[in-house]
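What follows is one structure encoded as structure tokens, with my remarks underneath.
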Number of protein chains: 2
Amino acid sequence: MTEDERTPGRPHVTLQDVARRAGVSLATASRVLNGTTQVRADLRERVLAASGELAYTPNAHAQALAGSSSMAIGVICHDVSDPYFASIARGVMRTAAEHGLMVMLASTFRDPAREIEYIAMLRAQRARAILLIGSGFEDRDWERSMGAELEHYQRAGGRVAVVSRHRTLKADAVLPQNREGAAELARTLVGLGHRDFAVLTGPRLLTTVADRLGGFADALAEAGIELPEDRVIEAGFTRDGGYAAAERLLNGGDLPTCVFAVTDVMAIGALAAFRDHGVDVPGQVSLAGFDDIPIVRDLTPPLTTVALPLDLMGERVMELAVREPASRRSRVERIKGEVVLRSSTAAPRQRR
Amino acid sequence: MTEDERTPGRPHVTLQDVARRAGVSLATASRVLNGTTQVRADLRERVLAASGELAYTPNAHAQALAGSSSMAIGVICHDVSDPYFASIARGVMRTAAEHGLMVMLASTFRDPAREIEYIAMLRAQRARAILLIGSGFEDRDWERSMGAELEHYQRAGGRVAVVSRHRTLKADAVLPQNREGAAELARTLVGLGHRDFAVLTGPRLLTTVADRLGGFADALAEAGIELPEDRVIEAGFTRDGGYAAAERLLNGGDLPTCVFAVTDVMAIGALAAFRDHGVDVPGQVSLAGFDDIPIVRDLTPPLTTVALPLDLMGERVMELAVREPASRRSRVERIKGEVVLRSSTAAPRQRR
DNA sequence: CTGAAAGCGCTTACAG
DNA sequence: CTGAAAGCGCTTACAG
């Protein structure tokens, strides 16, 4: 493409330029290039040739404005650098690519103001769908404002899909079975001989935390094992939170025989704290996480966890957002977690 | 907002609706909302009120089309789930948010066709800038096609900025000092007493691999230490590649006293392979990586590496893309790596 | 300071 | 099948 082949003064080649060079009307050029209607073969050829010669790239904004269709999907997460999100994102990106969609990504760092702001931006972009990846809040205010913002978006034709439970959001959802997975893990650990547990958690307002903690505690209760409140240690929902929680546990006097961190990321921090304080895992204390992010296989010891097919969950949530719903009801896809025993857990030392 | 407050049949509230409700012209409403010109206070008030009452959201496509300005930045990486990218992305996202920009993300999995395709899509979106995160190729063909595509974009006013060296791309760049960092690491390891090395690398066509390997080998040579070709083991540029490379090393007969994996991600794989084969690190072999991704602190043993300020690099590359250049010359920001000694390296056992 | 109007680059009924 | 024209929702010279 050289300067004089396009309309002078314009930085981009337009459909008009292509049509002119091909000797057809704007309409015909448009029809050839997005193949809706039949066009006579020779005209078709000429348009294609002209488009190629001029290296024509359609203006997505003009297309969106004229056709009111956008190829953009908004994806909102808490932190791009969290490996849990990163694994899900892999599936999201792959599936987006397969559908020729662009992903607009936003990190909110759990700042509600930022979440609202991003939804407004995505509304402005006329994103075709918005994906919320990660735990919701058990919080009336947060829910109300998010809900209002999203409904607004949905009324204008936008689609919303989420990974993880959001109490009242009316949206398609991929739901990891957090309660069931945590319960199954508890039963497995009890089966190993453990009777004395602690749980390291993030803020209990997060639905994911509430579900995993609840499922774990309930299963223990069914086995006749109590989880005293002072054995539930709440900290940041991060690696450093796990580290801090484990340190608080260590300072709290006698250790339990088994610790459950509600996410692998927190478990990584806990493992580091145990190592730094000379506590052997699983010799002195067993440790388990949840999620099965890829790295936990490479820890020493490799981490027992509840495996979630994260990549697949990303794929599914994107597909929910893209596929037209058969009915008006929200679709729900439940994802089962599978307990994976690795060397970070063992039978307790002085059993009996 | 209720149905009858906006133009019937339209899903979105438009500026026209706002203007009508405020009793002003389209132009005035526009001026109030993007604050270019002065507008009389009372009109201003009325427009703001109307906009709020109708929950008006501007149509970004119409804005982009009319003003030919887009708030979107394209970010192209190889794999969103790679922790190296994830850390850089954190800085990118934060900086984007500070500037009110949206990030359109693309994963290419190093597929050249996909890279080209994404650049075309970003061109269609009239993205304000494109960020290439990750190593370039020492490959004429790849370079030619990428170069052509990007120049095309740049001629139309697009900005391009990269992290890592791309031989001939005319773009602003954040350049980690791979050669120097690897050389410094080599000197440090030699200082520890090592004389017998192996290097685990990704494809040597990647500029990052070439630079780190080259810097390491040169520094060894300066110390009078040879790095035989069969001590350079090439594999995939991933965790599994590192694992495979380490296994090949183990099968190759006598172990070196020290192994350098050109990225932390490969080092993680190597560490797992050593563990699986009962090779003690650093007892039998020392291991070092490069990048200092967050997780390597939590490995056992924690990994010696060359630390790069990844988050900061993300911030910088975004700022290069956003700030107007003073001259037409490409700007280059060099980033120094710092050797961080952790427990994965030690003096060799049977020294002397 | 304010408004009428042109124009951004497309798509898509509507006639032919 | 093809083309002239209206319209998508804004911004911004250009007059007043």
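Every chain is numbered from 1, with letters handed out A, B, ... down the list of sequences.
- Heavy-atom nearest nucleotides on DNA chain D were determined for A:D42 and for A:L26, and the one closer to the 5' end corresponds to A:D42.
- One atom, CG of A:L65, and another, P of D:dA6, lie 17 Å apart when rounded to the nearest Å.
- Note: CD (A:Q16) to P (C:dG7) measures 13 Å, nearest angstrom.
- Partners of B:E319 according to the side-chain hydrogen bond (donor to acceptor under 3.5 Å, both in side chains) rule, which considers only residues two or more places apart in sequence or in another chain, do not exist here.
- Side chain of B:R123 to backbone of A:T57: no donor-acceptor contact under 3.5 angstrom is found.
- Atom pair A:L54:CG and C:dG9:C1' shows a separation of 15 Å (rounding to whole Å applied).
- Proximity of a side-chain donor or acceptor of B:R128 to a complementary backbone N or O of B:S70 within less than 3.5 Å is detected.
- Comparing C:dG9 with C:dA13, their P atoms are spaced 23 Å from each other, to the whole Å.
- Both key distances under 3.5 Å define a Watson-Crick or G-U pair, and stretches of 3 or more such consecutive pairs in DNA chain C run C:1-3 with D:14-16, C:5-12 with D:5-12, C:14-16 with D:1-3.
- Taking only side-chain atoms of A:A66, from C-beta outward, the nucleotide of D:dT2, D:dG9, C:dC10 with the closest atom is C:dC10.
- In this structure, A:Y56 and B:A27 both approach DNA chain C, and ranking their closest nucleotides by distance from the 5' end singles out B:A27.
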Using distance only, find each side-chain donor-acceptor pair of residues 89-102 of chain A under 3.5 Å and give its atom names and separation, not counting sequence neighbours.
from, atom 1, to, atom 2, distance (Å)
A:R90, NE, B:D79, OD1, 3.4
A:R90, NE, B:D79, OD2, 3.4
A:R90, NE, B:S81, OG, 2.9
A:R90, NH2, B:D79, OD2, 3.3
A:R94, NH1, A:E315, OE1, 3.2
A:R94, NH2, A:D311, OD1, 2.0
A:R94, NH2, A:D311, OD2, 3.1
A:T95, OG1, A:G91, O, 2.7

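- At whole-Å resolution of the value, CD in A:Q63 and P in C:dC10 are 7 Å apart.
- In this structure, NE2 of A:H61 is placed 13 Å from P of D:dT11, rounded to the nearest angstrom.
- Summarising the geometry of A:A29 relative to A:V24, their closest heavy-atom pair is N-CG2, 4.1 Å, with the distance given to 0.1 Å.
- Using modelled atom types, one side-chain atom of B:Q154 and one backbone atom of B:K170 make a donor-acceptor pair closer than 3.5 Å.
- When the P atom of C:dC10 is taken as reference, atom CZ of A:R126 falls 20 Å away, rounded to whole Å.
- Here B:T28 does not reach the OP1 or OP2 of C:dT2: none of its side-chain N or O atoms lies under 4.0 Å away.
- Applying the side-chain hydrogen bond (donor to acceptor under 3.5 Å, both in side chains) test to B:S25 and every residue at least two apart in sequence or in another chain returns B:T28.
- Map B:A62 and B:S25 each onto its nearest nucleotide of DNA chain C; the residue landing nearer the 5' end is B:S25.
- Taking atom CG on A:D17 and atom P on C:dC8, their separation rounds to 11 Å, with Å as the unit.
- Nearest to the side-chain atoms of A:L15 among the listed nucleotides C:dC10, C:dT12, D:dC10 stands C:dC10.
- Residues that satisfy the side-chain hydrogen bond (donor to acceptor under 3.5 Å, both in side chains) test with A:T207, not counting sequence neighbours, are A:S135.
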Show each protein N/O and nucleotides 14-16 of chain D N/O combination with a separation under 3.5 Å, one pair to a line.
none

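- Rounded to an integer number of Å, the gap from CG of A:N59 to P of C:dG9 is 7 Å.
- Looking only at distances, no side-chain donor or acceptor of B:R21 sits under 3.5 Å from a matching main-chain atom of B:Q16.
- A side-chain donor-acceptor contact under 3.5 Å links A:D17 to the backbone of A:T14.
- The side chain of B:S30 lies closest to D:dT12 when the candidates are C:dG9, D:dT12, C:dT2.
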